[in-house]
Amino acid sequence: MPVIPFHGKPDCRILLIIPERKSVRGFMKSVVLPAIKSLSRELEEQGVAVGIDFDRNKSIVFLNVFHGEEQDFLYKVSPRSYVQSSFVIDDEDSKY
C-alpha cells in the first residue's frame, strides 16, 4: 500500500476550500472509487466476498462485505453539502 509522505506542518488552507459539485463528483470517481476497489481486492485476497456499487447520479460509493451467516457490512462514502459560513470577526468582539 503506498505511503503518502508528510513534510512539515499541514496546510490548513484546505479547510477553507468550498469545492464545487463537479469537483466533488470527480474526486469521488477518481479517488474514492479506486481506493474502494483497492480495498476490495485486498479483502478478496483474504477470502472475503465483497461487492462494489457506484451511484453515478449521487456520486455515492458502496462497499458490501458479505459474511455468510453473520451480518453483512455496508461501507458507504457519500458527498454531503453544507451551508457556507459567512461570518466575519468584528474587532470589538475579538478583544480579550
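Only this structure's heavy atoms are used, side chains among them; waters, hydrogens and symmetry mates stay out.
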| query | Same hydrophobic cluster for F66 and F54, using side-chain heavy-atom links shorter than 4.5 Å among ILVMFWY? | reply | no
| For F62, which fellow cluster members are found when Ile, Leu, Val, Met, Phe, Trp and Tyr are connected by side-chain heavy-atom distances below 4.5 angstrom, either directly or through intermediates? | I60, L74
| message | Just verifying a value: how many Å separate E44 CD and S40 OG, rounded to the nearest 0.5 Å? | response | 4.0 Å
| remark: Closest heavy-atom pair, S59 versus P79, reported as atoms and distance to 0.1 Å, is O-CD, 3.1 Å
| said: Taking the side chain as everything from C-beta on, heavy atoms only, tell me whether R41 gets closer than 4.5 Å to S38. | reply: yes
| message | Among V65, N64, I36, exactly one meets side chain to side chain contact (heavy atoms under 4.5 Å, CB included) together with Y75. Which residue is that? | response | I36
| Working for side chain to side chain contact (heavy atoms under 4.5 Å, CB included), residues D53 and D55 | CA-CA 7 Å; D53 292 314; D55 182 331; over 6 Å; no
| message | If you apply the rule side chain to side chain contact (heavy atoms under 4.5 Å, CB included), what do you find for L33 with I52, and how did you get there? | response | CA-CA 9 Å; L33 185 57; I52 297 175; 4.0 Å; yes
| Can you tell me if R25 uses its side chain to pair, donor with acceptor, with the backbone of N57 under 3.5 Å? | yes
